[in-house]
*Asks:* 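Input: one structure, supplied below.
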Amino acid sequence: MNIKHFRWVSVSALLSIGSIATAAVPDDYVAERGLFIEAHAAFEKGQTEEFNLLRAKLGDDYPIAHYLDYLELQKRFRTQTPKRSHVAALNNFERDSSDVTLTRKLTRQLQKRAAAKKNWALFTDLSKSKLAADLPCSTLQAQASAGKLKTLNDAALKLWIKPVKHSKACSALLSKLESRKAPPVKAIWQRIYEAMDATKPEYAKSVLHYLSRQDRKLVKGWLDARENPKAYLNSGALKKDTSFNRRAVVDLVLLWSKEDPVAAMNYWLSTHEKYRFYNDRYYDTHRLLAMRGAYRRLPEAYEWLNSLQARDDDLELKEWRIRAALFSQDWKNVLRSLKRLPVEEQEEDHWAYWEARALEESGHTPLANAIFKTLSELPTYHGFLAADKLGSEYAITDKPIEPDAQIISELEKSDDLIRAREYYQVNVPWEGRREWNAVFEGANAEKLAALAVLATRWELYDRALFAAGRADKKKALTTRFPVVYQPQVDLAAAENRIPSAWVFGVMRRESGYIRDVKSSAGAIGLMQLMPNTAKYVAKLQGKSNWKGDLTDVETNIGFGTFYLRHVMDKFDDHQVLATASYNAGPHRVTKWLPPQDMPADVWIDAIPYTETRRYVRAVLAYTAIYEWHLTKKPARLSTKLSMVPAASGT
């Protein structure tokens, strides 16, 4: 949690936030919520005396009062030198709060602080806790400090072998242990091989001095060959069939394929039989070369993929055969490759659609239409496309969840869910999600359905749609696709001349209406904007040195919608390309343009990035559902699927 980015609001403003409903949430704790918010604000401002007074006034009966204690301990552990009294405070918090997750966070924070301050006795004691983190470098330092580590033991060797940058203190300790006794030969070779597999040759270079003159020459040749793998492979230096040479050949041919996949594959095809590769190494190498060709949409890709006998469990390769044939619009091989999928996969709507399309393109219209008819009954992207083929209505019907009243009643009284609700009410939604998710785990479909209804009543829309999805309530469209933040969406959409339904579709796919969410890549908020993208948008809008809050609803929707218009303009109002660009970036989409004009449905399902391929399909389907929500008349998906233009210069 990054406290400094927490945005505080008054009680009246808090209750007006779009995801919180004053009428829907029980008013048991109105006064306590106000005290919590005031105490939290005082804490943020460093008003210790005021905080303590408010915390005492709040008492311990409020379900999430202990969160204030957590914040206070977190600050204490961060700013004070770790000592035994902190362990006592930690134990008291665990006893009083019974919150395992927050106790785990505090335990690990104190554990890391003890290591940073070299209080190894305290660190060792904390590390015995079942809630402690696994900190191998610090553990070794603690052992060394206690005189229990003289040379590289098994744990130290594991770290020494790993081709990663350790902390300065850890690296110094490993070097000291290494100087006392050289690592075993097996560990030295393992480090070399792992370094090369990770494309971090510097970790192999640093241990060359341990090798014999002959072995050092071999490894140095391999290392130097990375500058020009083609020349080295063709030089005959690796012609002997040895274990080392087999590794080097694979490494260098794969490296070569990054620059020239066709030449590298041709070399591999003409050479691999000269070596006694294990089946796994041969398969993995040939597969990677073939898949690289498929990712780059090379005309040879289908034959490369087809030449490898796919393992039974290698569904990805089998699917890429279809995509490679699809991108070439080789309908005969599309059908042939579809039939090589497991039967249950052939029945998935996306592959059934392509069977119908391939049949249609091959002149078998009645067979194609029979499949389209079945698919058209599904409220999915491919179901909508199938309906377009037949000119039939979309299968969009809302079927509200009807939960068991007794289960709802029990859930409303659940301590876990009451805590979750209160976290949302005081604008600490990430902790609310944590509590809700703990209830989700292990819940059966009936309970999940009830959770979805309860979350909707409390207007916790992100949890409602998540629970409905987990409960497999696919037709509960109002729950799964709520219309949230409509005033902000309609205003931004109108200003940027794009449909509100498209904005809702993007927002639903990007964040599921979690307004404070942050992705592993750093994207923030409802429309998942990267900070650099936000700054770029601000600059385009004439706002220099913008430093706003991307968790703010109006800001995020405004910037995201502006950027949608920006990529729409970049691709001449092509909604498919703009949608793909929003996810993968305009530069990648430009590189993915076909050599000649291509039907958009073909282009979408041949997108190299799985994430982007699924994203575009989902956003287009969600847009149709939101059009139904807003107007009851969804536009045909086919009207948005203009031909994808050829790349310029092809």
Side-chain angles (χ1 to χ4, degrees), residues 319 322-323 325-326 329 331 334-335 337-339 341-401 465 468-469 471-481 499 501-502 504-505 508-509 575-576 579-580 598-607 613-644:
E319 291 179 335
I322 304 169
R323 292 191 190 102
L326 185 60
Q329 297 181 65
W331 301 110
V334 167
L335 284 169
S337 298
L338 280 165
K339 293 305 179 184
L341 289 175
V343 174
E344 62 273 15
E345 287 296 324
Q346 294 179 40
E347 295 173 353
E348 291 290 330
D349 62 329
H350 54 290
W351 294 130
Y353 174 81
W354 286 112
E355 180 181 6
R357 281 280 278 117
L359 288 168
E360 177 188 50
E361 294 288 344
S362 303
H364 302 292
T365 305
L367 291 174
N369 285 344
I371 298 174
F372 286 141
K373 178 67 172 64
T374 301
L375 289 174
S376 69
E377 297 172 4
L378 300 175
T380 64
Y381 167 75
H382 290 99
F384 297 155
L385 290 185
D388 284 354
K389 288 289 184 181
L390 302 175
S392 58
E393 294 296 317
Y394 286 176
I396 302 178
T397 305
D398 186 27
K399 186 176 181 181
I401 298 171
L465 65 89
D472 201 28
K473 297 294 183 180
K474 294 180 180 178
K475 293 185 178 181
L477 298 184
T478 299
T479 304
R480 293 184 58 230
F481 298 93
W502 187 25
F504 279 117
R508 169 63 170 79
R509 175 64 181 188
Q575 192 168 343
V576 168
T579 302
M598 177 176 288
D601 62 341
V602 173
W603 185 85
I604 290 168
D605 273 8
I607 290 174
R613 185 169 60 253
R614 292 174 176 170
Y615 178 90
V616 173
R617 296 189 307 212
V619 169
L620 290 171
Y622 295 174
T623 299
I625 292 171
Y626 275 108
E627 287 170 345
W628 174 84
H629 266 310
L630 300 173
T631 69
K632 298 302 179 185
K633 294 180 180 179
R636 292 285 180 185
L637 240 61
S638 55
T639 64
K640 301 178 177 74
L641 270 61
S642 307
M643 291 287 285
V644 173

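The first residue of the sequence shown is numbered 1, and numbering continues consecutively from there.
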*Asks:* Report the residues that fulfil salt bridge (charged side-chain N to carboxylate O under 4.0 Å, His left out) with Lys373, sequence neighbours left out, ordered by chain and then residue number.
*Replies:*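 Residues passing salt bridge (charged side-chain N to carboxylate O under 4.0 Å, His left out) with Lys373: Glu377.
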*Asks:* CD of Glu393: more than 12 outside heavy atoms within 6.0 angstrom?
*Replies:*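 12 or below, so no.
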*Asks:* Apply the test side-chain contact (heavy atoms from CB on, under 4.5 Å) to residues Thr397 and Leu477: give CA-CA distance (whole Å), side-chain angles for both, the deciding distance (0.1 Å), then the verdict.
*Replies:* CA-CA 7 Å; Thr397 305; Leu477 298 184; 5.9 Å; no
*Asks:* For the residue pair Tyr622 and Phe481, is the inter-centroid distance of their aromatic rings smaller than 6.0 Å?
*Replies:*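 They qualify: ring centres under 6.0 Å apart.
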*Asks:* Side-chain contact test, heavy atoms from C-beta onward, threshold under 4.5 Å: evaluate it for Leu620 versus Ile604 and give yes or no.
*Replies:*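 Yes; the side chains approach each other to less than 4.5 Å.
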*Asks:* To the nearest 0.5 Å, how far apart are CD in Glu355 and CD1 in Ile371?
*Replies:*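 Separation between the atoms: 4.0 Å.
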*Asks:* Do Val602 and Gln329 have side chains that approach each other closer than 4.5 Å (heavy atoms only, starting at C-beta)?
*Replies:*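 Side chain of Val602 against side chain of Gln329, heavy atoms only: contact under 4.5 Å found.
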*Asks:* Going by heavy atoms in the side chains, are Leu341 and Ile322 under 4.5 Å from each other?
*Replies:*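 Leu341 vs Ile322: side chains touch.
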*Asks:* Using the test side-chain hydrogen bond (donor to acceptor under 3.5 Å, both in side chains), find all partners of Asp601 that sit at least two apart in sequence or belong to another chain.
*Replies:*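 Asp601 satisfies side-chain hydrogen bond (donor to acceptor under 3.5 Å, both in side chains) with Tyr353, Arg357 only.
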*Asks:* Quick one: salt bridge (charged side-chain N to carboxylate O under 4.0 Å, His left out) partners of Asp349, sequence neighbours excluded?
*Replies:*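 Scan of Asp349 (salt bridge (charged side-chain N to carboxylate O under 4.0 Å, His left out), adjacent residues dropped) gives none.
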*Asks:* Do Trp502 and Lys640 come close enough that some side-chain heavy atom pair is under 4.5 Å?
*Replies:*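 Counting from C-beta outward, Trp502 and Lys640 never come under 4.5 Å.
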*Asks:* Flag the pair Glu360 and Lys389 as a salt bridge only when some basic side-chain nitrogen lies within less than 4.0 angstrom of an acidic carboxylate oxygen.
*Replies:*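 Yes, charged N to carboxylate O under 4.0 Å.
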*Asks:* State, with a plain yes or no, whether a side-chain heavy atom of Trp628 is found less than 4.5 Å away from one of Tyr394.
*Replies:*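 Trp628 does not reach Tyr394 side chain to side chain.
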*Asks:* Report the relative orientation of the aromatic rings in His382 and His350; use parallel for angles under 30°, tilted for 30 to 60°, perpendicular for over 60°.
*Replies:*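 Correct class here is tilted.
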*Asks:* Applying side-chain contact (heavy atoms from CB on, under 4.5 Å) to Val619 and Phe504, what does each step give before you reach the verdict?
*Replies:* CA-CA 9 Å; Val619 169; Phe504 279 117; over 6 Å; no
*Asks:* For the backbone of His364 and the side chain of Ser362, can you confirm whether one donor and one acceptor N or O come within less than 3.5 Å of each other?
*Replies:*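 No, the answer is negative, given that no donor and acceptor are paired below the 3.5 Å cut-off.
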*Asks:* Please examine the side chains of Lys475 and Arg480, heavy atoms only from C-beta on, and report whether any two atoms are closer than 4.5 Å.
*Replies:*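 They are not in side-chain contact.
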*Asks:* Side-chain contact test, heavy atoms from C-beta onward, threshold under 4.5 Å: evaluate it for Phe372 versus Leu385 and give yes or no.
*Replies:*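 Of all side-chain heavy-atom pairs linking Leu385 with Phe372, none is under 4.5 Å.
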*Asks:* Working to the nearest 0.5 Å, report the span between CH2 of Trp354 and OG of Ser337.
*Replies:*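 The distance works out to 14.0 Å.
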*Asks:* Is any side-chain heavy atom of Pro379 closer than 4.5 Å to one of Lys474?
*Replies:*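 The answer is no, as the side chains (C-beta and beyond) never meet within the 4.5 Å cut-off.
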*Asks:* Working to the nearest 0.5 Å, report the span between CD1 of Ile396 and CG of Leu378.
*Replies:*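 It is 12.0 Å, given to the nearest 0.5 Å.
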